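Values below: every heavy atom of this structure, side chains too, minus hydrogens, waters and symmetry copies. Predicted model only: the values in this text are computed from it and were never measured. Chain identifiers are assigned alphabetically (A, B, ...) following the order of the sequence lines, protein sequences preceding nucleic acid strands; residue numbering begins at 1 within each chain.
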Amino acid sequence: MFSLIRDTFTSQLVTLWRVFKHMFDKKDTVEYPDVQPYMFPRWRGRIILSRDPDGEERCVACNLCAVACPVDCIALQKAEDENGRWYPEFFRINFSRCIMCGFCEEACPTNAIQLTPDFEMAEYVRQDMVWEKEDLLINGTGKYHDYNFYRVAGMAVGGKDKGEAQNEAPPVDVRSLLP
Amino acid sequence: MAKIVIDGVTYEVNGDNNLLQECLSKGLDLPYFCWHPCMGSVGACRQCAVKQYRDADDQKGTLVMACMTKANDGSIISIEDEEAKKFRANVIESLMISHPHDCPVCEEGGECHLQDMTLMSGHNYRRYDRKKVTHRNQYLGPFVGHEMNRCITCYRCVRFYDDYAGGTDLAAQASHHHTYFGRQSDGFLESEFSGNLVEMCPTGVFTDATFSAHYSRKWDLQTAPSVCVGCAVGCNTTPGERYGELRRIVNRYHGDVNGYFLCDRGRFGYGFVNSAERLAESQQGKGTGRRTVSEDEAVLELNRILDGGQVIGIGSPRASVEANLALLQRVGGDNFYAGVSDAEFAQLQILKQLSGESALHAPSVREIEECDAVLVLGEDVTNTAPRIALALRQSARNRADELAAAAGIPSWQDAAVRELAQRELSPVYLLSGYATRLDDIARATVVDSAPGLTQLAQALARTLDSAAPTPAATLQEEQKQLLGSIADDLKGARRPLIVCGTGSGSEALLKAAANVARALATARGGDQAVDFCCVVPEVNSVGLVLMAGETQSLGLALKKMQAGDVQAAVVLENDLFGRAPQSQVEAALAGVGQLVAIDQLPTRTTELADLVIAGTSFAEQQGTYINYEGRAQTSMQVFMNNQAARPAWKWLRKESETTLAGLLQTAETTLEGLAGITAILPVSAAAVAGMKYPRQSHRYSGRTAIQAAANVHEGKQPEDRDSIMAFSMEGMSSQRDTAVLPNTWAPRWNSNQSVSKFLDEVGGHLRQGNPGRLLFTRNGSSAGYFEPESAAVTTGDFTLIPAYQLYGSDELSARAEVVNERLTGAYVALAPHDAQQLGVAANDLVTVSADQEALDYPVCIRRSVKPGTIVAFTPAGQFPVAGAGDQVSLSKAQGSGQARFGNLIVSDLQQEGI
Ligand code: SF4
Ligand code: SF4
Ligand code: SF4
Ligand code: SF4
Ligand code: FES
């Protein structure tokens with residue numbers, strides 16, 4: 001019985017002391033927006049569309065991000081340039097619906113769509129939260145620097161013919177009988 | 001019935017089938033590539049391996065290919081056996097060693113059998129680190145794309161294209177791991193069934209190029225069960241829409257009609273729906289005074305005209321039953337005329353008369369495949385009802401199955417059966433106006449004009465039954481011999497078939513064909529009806545003739561209009577200039593007070609109308625169509641027209657409460673021919689709490705972004721008050737009822753191969769029954785033979801034979817942009833000798849003059865044309881200079897034409913000298 005009273009009392013004192021000590025700690029809250037917090041690179045914020053190392057649009061309009069998106073806030077349309085390269089004719093994200101889950105990035109086979117540490121996206125008018133490709137496409141590779149989907153894929157596109165992708169033999173000559 | 005044990009469970013199966021077939025029919029997941037229910041097994045891919053045990057004591061078992069092993073009674077097999085699983089995983093891994101990293105940019109992605117099978121077989125990571133084999137692609141024309149790197153050498157493409165569909169320009173080339181599937185050189189795929197490669201190929205080698213041009217993934221398309229409006233076969237289709245545009249058409253399985261296949265007109269001819277020419281809004285006034293009117297104004301004006309009295313309606317064979325009914329009910333039966341040429345109307349009346357005869361039976365496409373002796377009379381089936389032509393190819397193969405059965409080889413042992421039969425085919429006799437695509441399967445062909453063929457048919461009827469009328473002409477000895485062997489083959493066959501149709505343009509030939517069928521029925525004795533397939537030109541030709549009165553021909557309507565007896569004429573989805581001679585139409589239009597034209601696309605008729613009402617395409621409305629065999633089928637609406645076009649029946653109904661079902665119910669009681677039609681209306685028997693069936697898949701993407709550019713506040717989904725389907729992802733699962741199932745999909749089966757999950761057995765019938773209903777009731781006995789009539793004599797040196805083109809004879813598909821490249825343009829074909837006499841070369845113009853009219857046509861010189869005849873092709877929307885069998889004169893004209901004869905669909909262009 002005595003020990004219970006003693007322990008309770010001590011615990012109270014210790015707690016009080018600890019709280020008191022915190023008054024002299026470094027503050028965690030910062031004077032945002034005058035002071036900007038450090039954002040981790042893998043933070044899931046504003047979505048961008050990136051370019052491959054050759055500076056071409058990475059998105060191939062495969063629609064996988066759109067189907068992965070749990071709130072269905074991505075819409076796009078595939079188009080093809082004169083060399084057979086697929087790209088999105090339009091690419092729209094309705095950020096007023098986006099929940100920043102990152103599923104789109106996870107689904108993307110080309111590393112085109114990426115979430116960035118930027119979270120400052122508030123708008124006074126909801127309509128302004130609808131972003132088109134012009135708003136999303138950046139001029140760099142984003143978080144992933146080296147990957148170029150068309151260098152791996154088998155389709156011929158401008159600047160890469162059949163047989164020129166990674167690990168590919170030159171096109172077969174069907175008229176030849178050689179092994 | 002045989003009993004087999006699969007993984008410890010006993011199943012009752014058909015012991016004649018193979019194990020793969022039975023596993024799939026029982027709903028089990030067993031991977032496969034090269035097998036197809038219509039093409040049998042060749043054991044090429046080794047993907048379907050299972051373990052088979054000798055008896056219950058056998059613990060070790062042997063690996064067998066399920067598709068090559070008969071489901072013998074007492075078989076014990078295992079799909080789940082570890083060794084079998086490992087084998088399948090290794091097989092798929094080896095098939096994938098050169099497969100490109102293409103899925104994101106592959107049109108097949110998301111509905112790819114290879115993707116499904118790879119996952120199912122358990123191959124995830126690439127271990128092979130050597131170089132991948134690559135291939136160059138070919139340009140295969142405007143319809144089919146080619147990306148050869150993706151091939152897994154299952155050989156399905158060539159087995160379909162060459163063996164099943166009779167194509168000659170696609171082949172396997174090179175050898176070992178260089179094997180290549182393509183043409184000798186770039187150029188369009190010649191087969192009229194090339195589009196099926198898209199669905200046959202389990203990978204993305206062959207893809208739909210028209211779809212790729214505005215691509216969407218399968219799950220993003222809004223779809224509904226629809227019916228092809230390309231011709232009168234009534235193939236079931238799944239059109240898909242995205243962003244307000246029709247994106248593609250794929251096959252929708254129907255056990256009696258199209259099965260697994262469509263023709264290219266049906267698959268690729270949808271572009272007219274998206275055409276920039278479409279009538280987006282209704283218009284009033286003529287010439288420069290024409291102005292756009294709002295929907296309300298249009299309704300008011302239309303009602304004012306319709307209620308004004310003395311109105312006639314001209315129905316359409318390409319409009320739905322409902323649209324025609326709405327017009328009929330509005331103007332009254334006596335004022336409703338059939339909008340087809342008078343010659344065709346007369347032929348359709350004969351068909352109607354024959355439709356009640358119990359000695360005849362209109363066979364379904366599947367039944368045609370079962371026939372083992374075929375006589376085609378004057379119809380170029382490939383160009384007028386292509387899916388039937390594909391079925392005729394299969395009927396010719398019945399001989400091979402017979403031989404195989406005699407030798408104890410199961411019919412699905414494809415390579416063995418072909419090896420055994422070599423070139424032996426069941427008898428197919430083609431008596432037609434010109435050489436056709438089916439010539440290569442024919443035992444004998446006769447090329448002649450309609451009067452000549454009529455004589456032959458009459459003589460044949462007489463050969464079969466001596467009670468048949470005496471033919472007018474006497475025949476030569478060789479003709480008699482030919483007729484003798486035709487008669488023997490037809491009499492001796494298990495299931496003989498007579499194919500004819502309106503394509504010959506000749507009423508007399510149609511009657512003679514009916515006489516042949518009747519004589520055959522008599523000759524065969526018993527009470528088994530004879531298969532009599534009468535091909536009609538348009539999707540609802542039969543529906544129209546069942547609705548219009550017997551005397552209500554277009555000629556009569558035009559006469560009345562010309563005489564000034566008519567205040568207003570309402571023309572439903574029809575271009576009169578394609579149905580009657582220009583002079584007649586012009587005179588009629590001059591006499592009529594007001595002309596109302598309802599259509600989807602501008603025509604010469606809409607140009608002259610006082611009021612043009614914007615109608616919807618098949619994809620933007622629900623409608624019923626009645627096919628060549630009297631099968632009424634519902635085609636559901638796929639998407640809403642986002643402009644001011646509305647379904648014709650909505651424009652025309654008197655009360656705004658009238659529903660589609662209401663229209664059909666009224667019709668059922670008033671029109672004898674349509675009795676029983678309401679039975680086809682899809683009912684939501686399974687619906688809970690008023691829920692509807694969704695048109696969008698459960699993976700449909702972009703719901704909150706598609707409209708967001710215009711307005712971020714999402715509006716309500718468009719409401720569908722007319723049907724049991726909703727423009728939504730939500731509602732009852734359509735997987736439960738194949739009548740409302742647009743897209744097949746099953747867990748682990750994203751490709752169209754998932755269709756097995758919805759069939760009673762693979763290649764069989766849909767679980768809930770094949771949708772649609774046959775309307776013909778055959779309880780009448782024959783009215784006796786048609787008596788031969790002597791044809792009216794016309795003067796001229798050449799007898800005219802009408803020709804048809806898969807691309808060009810159908811008004812709507814011909815207006816799809818991609819089809820352009822495959823059109824020939826109008827032409828007349830002459831025998832080389834006649835051309836020489838006239839001093840004309842290919843594409844020179846000749847003037848063809850008949851009684852009253854004269855028209856210039858480019859000349860095509862074809863070796864198969866019978867001297868003294870001309871084969872004239874007139875594209876839809878134009879009226880030919882003369883009728884079938886009429887005499888015309890030819891003279892050389894100035895200038896030359898630009899017809900493209902390379903687009904002719906014939907058996908052998910080279911043989912024709914083109
Ligand atoms: S982050 Fe999530 S919610 Fe946002 S677009 Fe991507 S998938 Fe959709
Ligand atoms: S998943 Fe990537 S490549 Fe595919 S559409 Fe989305 S952003 Fe483009
Ligand atoms: S092209 Fe397609 S169907 Fe033909 S062998 Fe290759 S994978 Fe099979
Ligand atoms: S055969 Fe006729 S109905 Fe069938 S797909 Fe072709 S055009 Fe359409
Ligand atoms: S499906 Fe059996 S071996 Fe290809």
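Interface residue A:R175: only side-chain heavy atoms are found under 4.5 Å from chain B. Both the backbone and the side chain of A:Q127 come within contact range of chain B, with heavy atoms under 4.5 Å apart. Both the backbone and the side chain of A:V67 come within contact range of chain B, with heavy atoms under 4.5 Å apart. When heavy atoms are compared at a cutoff of 4.5 Å, A:I93 does not approach chain B at all. With a 4.5 angstrom heavy-atom cutoff, A:I74 touches chain B only via backbone atoms. Within the 4.5 angstrom heavy-atom criterion, no atom of A:E89 approaches chain B. With a 4.5 Å cut-off on non-hydrogen atoms, A:C69 does not touch chain B at all. For chain B, the nearby part of A:R97 is the side chain; its heavy atoms alone come within less than 4.5 Å. Using a 4.5 Å cut-off between heavy atoms, A:D161 contacts chain B through its side chain alone, with no backbone atom that close.
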Candidate pair A:D72 and B:M729, rule side-chain contact (heavy atoms from CB on, under 4.5 Å), full reasoning: CA-CA 12 Å; A:D72 286 344; B:M729 299 164 69; 4.1 Å; yes

Quick one: do B:Y125 and B:E93 satisfy side-chain hydrogen bond (donor to acceptor under 3.5 Å, both in side chains)? Show the steps, please. CA-CA 9 Å; B:Y125 286 94; B:E93 188 171 4; over 6 Å; no

Applying side-chain contact (heavy atoms from CB on, under 4.5 Å), run through A:R51 and A:I138 and close with a yes or a no. CA-CA 7 Å; A:R51 291 178 185 273; A:I138 63 160; 5.9 Å; no

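Checked options B:E111, B:E241, B:E107; the residue passing with B:R248 is B:E111 (criterion: salt bridge (Lys or Arg N to Asp or Glu O under 4.0 Å)).
One finds no salt bridge joining B:R748 and B:D116 here, because no Lys/Arg side-chain nitrogen approaches an Asp/Glu carboxylate oxygen to under 4.0 Å. Salt-bridge check for A:E57 with A:K133: passed, with a basic side-chain N closer than 4.0 Å to an acidic carboxylate O. Between A:R126 and A:E123 no salt bridge is recorded (no basic side-chain N to carboxylate O distance below 4.0 Å). The residues A:K78 and A:E80 are annotated as salt-bridged, a charged nitrogen and a carboxylate oxygen being separated by less than 4.0 angstrom.
Here B:N752 pairs with B:E199 under the side-chain contact (heavy atoms from CB on, under 4.5 Å) rule; sequence neighbours left out.
Side-chain atoms of B:N149 and B:T134 include no donor-acceptor pair closer than 3.5 Å. Between the side chains of B:S216 and B:R247, at least one donor N or O sits under 3.5 Å from an acceptor N or O.
The interface of residues 107-117 of chain A with chain B, defined by heavy-atom distances below 4.5 Å, comprises A:P109. Residues of residues 166-173 of chain A lying under 4.5 angstrom from chain B, judged on non-hydrogen atoms, are A:N167, A:E168, A:A169, A:P170, A:P171, A:V172 in numerical order. Residues of residues 179-186 of chain B lying under 4.5 angstrom from chain A, judged on non-hydrogen atoms, are B:Y180, B:Q184 in numerical order.
Rounded to the nearest 0.5 angstrom, A:M121 CE and A:I47 CD1 are separated by 7.5 Å.
Panel note: side chain B:H146, backbone B:N137; no donor-acceptor pair is recorded below 3.5 Å.
Under a cut-off of 6.0 angstrom, the local environment of CZ in A:R42 is sparse, with at most 12 non-hydrogen atoms contributed by other residues, nucleotides or ligands.
Ring geometry for A:F40 against A:Y38 counts as perpendicular: the plane angle is over 60°, on a 0 to 90° scale with 30° as the lower cut.
No side-chain heavy atom of A:M129 sits under 4.5 Å from any side-chain heavy atom of B:V712.
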